[in-house]
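Convention: sequence-line order gives letters A, B, ...; per-chain numbering from 1.
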2 protein chains.
Amino acid sequence: MKLSPLEEYGLRCLIQLARRGGVQPVTIRQISDGEGLSPAYVGKLMFLLQKADLVRSTRGVQGGYVLARPAREMTLNEVFQALDPGALEDVCGKFTGNNGAACVHDGSCSIKAVWKGLSERINGYLERVSVADLAQAPQLQEA
Amino acid sequence: MKLSPLEEYGLRCLIQLARRGGVQPVTIRQISDGEGLSPAYVGKLMFLLQKADLVRSTRGVQGGYVLARPAREMTLNEVFQALDPGALEDVCGKFTGNNGAACVHDGSCSIKAVWKGLSERINGYLERVSVADLAQAPQLQEA
DNA sequence: GACATACTATACAAAAAAGTCTTGATTATC
DNA sequence: GATAATCAAGACTTTTTTGTATAGTATGTC
């Protein structure tokens with residue numbers, strides 16, 4: 001039950017974009033300097049975020065990245081989904097044990113029900129927190 | 001934002017113990033057969049669960065494992081903590097980037113506040129679900 | 001239109017985690 | 001008290017994930 005590095009760092013990059021927040025694109029170099037990450041790694045993160053339509057890129061000399069939408073309308077749920085696809089989903093499909101393709105609990109699977117309830121809770125919380133919340137306040141959000 | 005295999009499988013083993021629930025110890029072989037896992041792997045899981053005082057073992061011929069406490073008093077929070085220590089904690093200590101030992105956001109770290117809020121939410125939910133809830137009902141718990 | 005800047009995409013290496021194996025210790029039964 | 005059953009603990013291998021490197025494409029400026 002934890003955040004992956006991709007989720008953590010990707011989120012930070014988005015927050016930095018939101019903070020610099022102008023119309024002027026922010027370059028990978030600027031982001032990587034600001035966050036203490038390698039340019040190559042930031043490139044990969046931005047690639048993932050762009051595929052999920054969270055950032056928009058401009059190439060060439062004055063190029064860089066801007067948020068694709070206002071930070072206020074960008075939820076943590078979307079962000080994590082983009083950076084670690086299929087995380088909170090399909091538990092019974094992933095963990096099947098060695099008995100073959102099907103879950104040994106097939107039919108009366110209680111784990112599935114619990115996990116569903118749990119993931120709904122978590123996603124519910126993540127949907128109520130926007131990137132703007134994080135970008136603006138150093139204080140705890142009581143969303 | 002996902003469960004690790006250890007958390008998933010370890011939880012299942014506990015549920016199985018709760019279901020068989022007698023005074024008679026359940027052997028590793030029985031658990032591994034029931035869950036479709038290798039005996040060696042179940043051994044490792046039970047080792048972790050015992051260190052956390054969630055199960056109690058008896059050696060020798062009629063040995064095996066029993067729950068250390070009633071399943072009703074055993075929360076998912078404890079279980080996950082036992083199987084993946086330090087998961088929902090200390091994010092800023094773990095992900096520091098390349099700028100050295102300290103988080104580049106030191107001082108005005110908004111991520112830390114957010115993550116704190118998030119982990120409190122999740123733990124709050126996990127504390128309200130017991131192993132007994134999962135062992136008994138195939139339906140969704142609205143805890 | 002050549003060149004430098006900057007993103008795009010994939011292949012590769014390194015690190016972490018998962019899962020297996022082996023050796024050892026303990027206990028009931030005969 | 002010898003034997004078979006069963007857990008204990010750590011070393012080892014395999015797989016997955018993370019992070020890096022590299023080759024390629026687009027664009028603004030001179």
>> Tell me whether the side-chain N/O atoms of B:Tyr65 come closer than 4.0 Å to OP1 or OP2 in D:dA8.
In response: yes
>> Please report the distance, rounded to the nearest Å, between CG in B:Leu48 and P in D:dC7.
In response: 15 Å
> Counting only heavy atoms not in B:Arg69, do more than 12 sit closer than 6.0 Å to its CZ atom?
Replying inline: yes
> Counting just side-chain N and O atoms, does A:Ser4 come under 4.0 Å of either OP1 or OP2 of D:dT17?
Replying inline: no
> Side chains of A:Arg20 and A:Gln16: is there a donor and an acceptor less than 3.5 Å apart?
Replying inline: yes
> Okay, side chain of B:Asp133, backbone of B:Ser130: is any donor-acceptor separation there less than 3.5 Å?
Replying inline: yes
> Does A:Thr27 have a side-chain nitrogen or oxygen under 4.0 Å from the phosphate oxygens OP1 or OP2 of C:dT5?
Replying inline: no
> Any side-chain heavy-atom pair from A:Leu134 and A:Leu11 closer than 4.5 angstrom?
Replying inline: yes
>> Looking only at the side chain of B:Tyr41 (C-beta and beyond, no hydrogens), which of the listed nucleotides C:dA28, D:dA8, C:dT20 gets closest?
In response: C:dT20
> To the nearest angstrom, how far is A:Met46 atom CE from D:dG19 atom P?
Replying inline: 16 Å
> Is any side-chain nitrogen or oxygen of A:Thr58 closer than 4.0 Å to OP1 or OP2 of D:dT27?
Replying inline: no
>> For a 4.5 angstrom cut-off between non-hydrogen side-chain atoms, does A:Arg56 reach A:Leu67?
In response: no
>> From CZ of A:Arg59 over to C1' of D:dA26, roughly how many Å is that when rounded to an integer?
In response: 4 Å
> Taking the side chain of B:Lys2 as heavy atoms from C-beta outward, which of D:dT17, D:dG19, C:dA18 is closest to it?
Replying inline: D:dT17
>> Using whole Å, what does the distance between atom C1' of nucleotide D:dT18 and atom NZ of A:Lys44 come to?
In response: 6 Å
> Looking at B:Gln50, does any N or O in its side chain come under 4.0 Å of the phosphate oxygens OP1/OP2 on D:dA8?
Replying inline: yes
>> If I take atom CG in residue A:Leu6 and atom P in nucleotide C:dA15, what distance separates them, rounded to the nearest angstrom?
In response: 17 Å
>> Output the rounded distance in Å from CD1 (A:Ile28) to P (C:dC7).
In response: 4 Å
> When we call it a touch if two heavy atoms are under 4.0 Å apart, what does B:Gly43 touch: a base, just sugar-phosphate, or nothing?
Replying inline: nothing
> Below 4.0 angstrom from OP1 or OP2 of D:dG19, is there any side-chain N or O of A:Ser38?
Replying inline: no
> How long is the line joining CZ of B:Phe47 and P of C:dG19, in whole Å?
Replying inline: 17 Å
> Nearest-Å distance, CG (A:Leu45) to C1' (C:dA9)?
Replying inline: 15 Å
